> 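Input: one structure, supplied below.
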Amino acid sequence: MSSCNCHQLLSPLPLALPSSHSPPSLQTQPPPSIQKPTASPLTSKTPPKPTSPSRSTASWVDALRSRTRSNDFREAISTYIEMTVSGARPDNFAFPAVLKAVSGLQDLKTGEQIHAAAVKFGYGSSSVTVANTLVNMYGKCGGIGDVCKVFDRITDRDQVSWNSFIAALCRFEKWEQALEAFRAMQMENMELSSFTLVSVALACSNLGVMHGLRLGKQLHGYSLRVGDQKTFTNNALMAMYAKLGRVDDSKALFESFVDRDMVSWNTMISSFSQSDRFSEALAFFRLMVLEGVELDGVTIASVLPACSHLERLDVGKEIHAYVLRNNDLIENSFVGSALVDMYCNCRQVESGRRVFDHILGRRIELWNAMISGYARNGLDEKALILFIEMIKVAGLLPNTTTMASVMPACVHCEAFSNKESIHGYAVKLGFKEDRYVQNALMDMYSRMGKMDISETIFDSMEVRDRVSWNTMITGYVLSGRYSNALVLLHEMQRMENTKDVKKDDNDDEKGGPYKPNAITLMTVLPGCAALAAIAKGKEIHAYAIRNMLASDITVGSALVDMYAKCGCLNLSRRVFNEMPNKNVITWNVLIMACGMHGKGEEALELFKNMVAEAGRGGEAKPNEVTFITVFAACSHSGLISEGLNLFYRMKHDHGVEPTSDHYACVVDLLGRAGQLEEAYELVNTMPAEFDKVGAWSSLLGACRIHQNVELGEVAAKNLLHLEPNVASHYVLLSNIYSSAGLWNKAMEVRKNMRQMGVKKEPGCSWIEFRDEVHKFMAGDVSHPQSEQLHGFLETLSEKMRKEGYVPDTSCVLHNVDEDEKENLLCGHSEKLAIAFGILNTPPGTTIRVAKNLRVCNDCHAATKFISKIMEREIIVRDVRRFHHFKEGTCSCGDYW
DNA sequence: CTAGGGTTAG
């Protein structure tokens with residue numbers, strides 16, 4: 001599936017990336033852990049080189065400072081040692097310089113010794129400059145306790161002391177404390193500098209919209225008032241806005257100042273990527289390249305997720321090529337994982353694996369990307385094998401992401417039978433409270449059909465995010481509990497509206513964790529479709545428009561499907577026409593919709609348009625599913641030769657290989673039209689390795705329509721050999737027998753069915769009324785209006801007889817007398833739902849009913865009469881298609 | 001004394 005909607009934003013490829021650039025100095029610095037000495041240089045046994053004793057402190061300090069400045073931290077520390085050994089007294093310039101070097105190396109031990117020396121020489125707290133660098137040093141390589149201890153002892157704190165303290169608190173993610181310190185700083189009437197703003201902005205962005213945005217806006221206002229236009233300040237403010245979901249404010253700020261640097265661009269690109277605005281991320285990346293701004297690893301790691309989500313393999317590959325041309329980039333571990341993710345999300349798992357294999361120091365995040373890549377592509381065994389390899393061979397301990405990535409593979413992998421064990425493993429690792437792990441667990445249990453466990457986890461969660469809600473909703477939809485899904489969506493929206501946000505902060509784009517997003521809507525819409533709950537569906541449509549989610553391809557396609565399945569083909573078409581971007585799925589959904597509504601010609605017309613647009617470089621070209629939808633449409637509209645022609649030409653003209661599903665459709669096409677022999681012939685010409693279940697059941701269904709006992713027996717025999725446990729096969733055969741009056745044979749089929757332990761799914765119909773979906777089972781007496789409904793159907797039955805209605809009892813399996821059969825027919829769920837609709841809605845209202853199985857012959861005949869007598873349009877959607885009853889006729893030609 | 005990047009739901 002391609003969900004790209006950025007064609008117009010990107011100019012034609014290639015991107016014209018510069019072929020090389022000088023590496024940024026930060027990137028060439030090896031990670032501190034490699035450089036970390038095993039023993040502190042201060043306690044080293046090897047004596048320092050003899051030096052000239054006559055050197056002055058000032059000359060030592062000059063050397064020391066210049067080494068620190070050029071990032072030669074090791075040399076700087078050596079110089080310091082030589083200096084002390086030579087007897088020169090370090091002063092309040094020497095200590096800051098050497099402490100900076102220590103910070104660069106994250107060498108706490110040396111730092112502590114220098115701290116002691118500083119105290120010894122009288123600079124412990126009396127020199128603000130030294131104390132400030134101590135705060136910094138502990139902030140970078142010590143603990144929060146040391147930071148506070150040093151800071152507390154400074155008697156005459158200056159602005160830098162506060163800035164360093166706040167920055168250190170941020171390093172330890174003590175966001176509230178950072179804000180507290182900021183307030184204390186203001187109480188002491190300290191001036192704020194851009195350093196202050198940057199740190200406080202970072203704290204704000206991590207405090208969430210509720211607690212951070214107000215202050216963040218004030219910081220921005222302050223920077224404007226004092227004319228602070230430093231690039232650093234603006235970058236930090238941009239990042240703050242983006243993190244708080246104000247991407248547009250971030251963008252406006254970006255556009256408002258001139259001294260933009262690489263970080264400004266990187267911030268914008270990652271902000272777009274993180275708020276699902278992938279096309280804008282790519283567009284900004286393009287602009288950045290065009291303006292000749294240097295790119296670094298962060299640029300690449302920020303833009304690749306956009307390529308990944310938009311499935312722009314072409315752009316992704318080009319970026320990969322750029323990475324290969326600039327060797328230092330692949331050393332950035334983020335780039336490696338982003339590349340793996342991009343390839344896997346574009347279904348190029350093997351390419352992803354090659355990237356993975358070529359990276360040497362594999363960090364856990366890289367393993368995670370590869371594992372989730374395998375899992376996402378259904379390569380569950382490979383995901384599990386890699387997971388084991390990571391633990392056993394690479395000796396890495398899984399983190400919460402690893403667990404969340406591997407769990408979907410466990411769920412789908414049949415060879416992995418004891419699925420609960422992964423839950424136990426996660427608990428053992430101490431991840432029980434982790435949101436990601438809990439989300440993955442909920443997904444696992446709902447796919448295992450254990451919704452109760454998912455519910456327990458969901459209820460027990462301390463913090464739920466959007467994914468938690470979406471996972472639960474998906475779980476309900478997957479297990480057919482559509483009403484629960486809708487209730488949960490409602491709850492989610494309620495949480496969104498009641499969140500404790502000040503009035504003027506209520507216009508945030510990203511919203512809190514409870515705000516439904518595109519995925520929420522696209523998961524819940526099939527629920528509306530299944531329930532034929534059009535009122536709810538419209539409500540969701542309105543919500544999508546209000547929240548700018550309607551232009552999303554997945555939401556749009558789900559809306560097209562929902563309207564069609566609720567019986568509103570016109571609305572379905574309108575949504576389709578208004579969609580700015582479409583993909584294969586969008587087209588397939590509408591073609592299918594036309595087919596279900598008996599508009600075969602329109603379906604073919606759409607197919608032709610699709611092919612024509614694909615020829616002009618349009619969004620989508622027909623795939624396997626397209627042909628299935630087209631054949632189904634032809635079948636329902638009796639367009640035999642059109643369907644057959646396409647079937648014979650699909651490979652040659654469109655490059656789509658016929659599958660067993662296509663055969664099943666074409667068998668249905670022929671069979672439904674009464675060409676049973678030809679249909680049978682087609683089944684027999686199917687390649688041997690093809691699964692014939694679909695084809696045989698199409699043929700059996702056709703034999704039921706055309707009452708062909710002989711061929712029906714052949715089809716049923718083959719079918720029951722392949723699938724002895726499917727109730728509908730038995731039911732069809734039994735119905736064929738009873739229509740032909742062969743009651744004994746029908747009874748025998750039923751007996752076989754019982755002996756095989758196969759149970760027929762109970763018939764069930766439902767109808768949306770006011771805010772609820774009312775459900776009726778066959779023979780249902782539990783509905784509050786049950787008595788009324790049965791009474792109504794009885795009097796209606798009288799009137800129908802006068803109009804010429806003759807009950808068709810062929811679908812009643814029980815061998816009871818005819819009167820009894822008629823009673824049973826009256827209890828059919830679709831009749832009950834229709835009666836409910838008539839009794840509860842004003843005259844003339846169209847009645848929309850949905851049923852889980854196919855409408856039975858008798859109900860079909862009866863509904864024609866009902867539509868005429870009651871002067872109602874009645875739309876019944878069964879498992880295959882729509883029946884539009886109007887003035888005594890039905891739009892379909894399948895029943896008589 | 002300061003900013004930007006990798007995972008989960010479809």
Side-chain angles (χ1 to χ4, degrees), chain A residues 1 3 96 100 103 132-133 135-136 139-140 158-168 170-171 193-202 205 230-240 242-243 261-271 273-274 296-305 308 332-342 363-373 375-376 399-408 434-443 446 465-475 477 517-523 526 554-555 558:
Chain A
M1 164 183 126
S3 58
K100 226 172 170 176
S103 300
N132 290 348
T133 37
V135 169
N136 261 313
K140 279 183 185 156
D158 62 6
Q159 188 199 52
V160 179
S161 317
W162 285 99
N163 288 348
S164 304
F165 183 52
I166 295 172
C170 287
R171 273 182 183 277
S193 73
S194 51
F195 291 105
T196 329
L197 296 185
V198 166
S199 296
V200 180
L202 180 67
S205 53
K230 291 200 181 68
T231 305
F232 266 119
T233 315
N234 281 328
N235 287 348
L237 289 170
M238 277 166 49
M240 179 272 297
K243 271 238 179 73
D261 63 0
M262 180 174 65
V263 176
S264 321
W265 285 91
N266 289 353
T267 307
M268 270 332 291
I269 293 171
S270 69
S271 305
S273 273
Q274 281 169 4
D296 73 348
V298 181
T299 321
I300 305 299
S302 307
V303 75
L304 278 174
S308 167
N332 182 322
S333 68
F334 286 86
V335 170
S337 340
L339 276 171
V340 169
D341 175 74
M342 184 276 296
R363 307 245 249 145
I364 189 153
E365 290 81 3
L366 183 70
W367 289 89
N368 292 348
M370 198 61 232
I371 291 171
S372 82
R376 235 177 308 155
N399 65 12
T400 54
T401 310
T402 323
M403 295 310 294
S405 305
V406 80
M407 271 185 204
D434 180 80
R435 215 171 55 225
Y436 279 48
V437 170
Q438 287 169 321
N439 290 344
L441 280 171
M442 288 190 309
D443 184 58
S446 42
D465 62 9
R466 219 195 302 255
V467 180
S468 322
W469 288 86
N470 288 351
T471 306
M472 277 309 280
I473 291 175
T474 310
V477 172
N517 64 355
I519 293 175
T520 322
L521 302 193
M522 71 165 286
T523 25
T554 53
V555 174

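Every chain is numbered from 1, with letters handed out A, B, ... down the list of sequences. Since this is a predicted model, take the numbers as computed values, not measurements.
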> Once you round it to whole Å, what is the distance between P of B:dT2 and CH2 of A:Trp162?
17 Å
> When the distance from CG of A:Asn136 to C1' of B:dC1 is rounded to whole Å, what number comes out?
5 Å
> How many whole angstroms separate atom CG of A:Asn235 from atom P of B:dT2?
15 Å
> NA contact type, A:Ser271, heavy-atom cut-off 4.0 Å: base, sugar-phosphate, or nothing?
nothing
> Quick one: salt bridge (charged side-chain N to carboxylate O under 4.0 Å, His left out) partners of A:Arg171, sequence neighbours excluded?
none
> Check this for me: does the side-chain of A:Asn517 come within 3.5 Å of the base of B:dA9 through a donor and an acceptor?
yes
> How is A:Asp261 classified with respect to the nucleic acid when contacts are heavy atoms under 4.0 Å: base, sugar-phosphate, or nothing?
base
> For A:Leu197, which contact category applies under a 4.0 Å heavy-atom criterion: base, sugar-phosphate, or nothing?
nothing
> Give a yes/no answer on whether the side chain of A:Arg376 brings an N or O atom under 4.0 Å of OP1 or OP2 in B:dT8.
yes
> Hey, is A:Phe195 doing a stacking thing with B:dT2, by the 5.5 Å centroid and 30° angle criteria?
no
> Report the distance from atom CG of A:Asn368 to atom P of B:dT8, rounded to the nearest whole Å.
9 Å
> Under 4.0 Å, counting only non-hydrogen atoms across every strand here, what does A:Thr267 touch: a base, just sugar-phosphate, or nothing?
sugar-phosphate
> Need one value for A:Asn234: base, sugar-phosphate or nothing, where a base atom within 4.0 Å counts as base even if backbone is also close, heavy atoms only.
nothing
> Identify whether any heavy atom of A:Ala369 sits under 4.0 Å from a base atom; if not, whether one sits that close to sugar-phosphate; answer base, sugar-phosphate or nothing.
nothing
> State whether A:Lys100 places a side-chain N or O below 4.0 Å from either non-bridging phosphate oxygen (OP1 or OP2) of B:dC1.
yes
> Quick one: the side chain of A:Ser302 and the base of B:dG5, do they pair up donor-acceptor inside 3.5 Å?
no
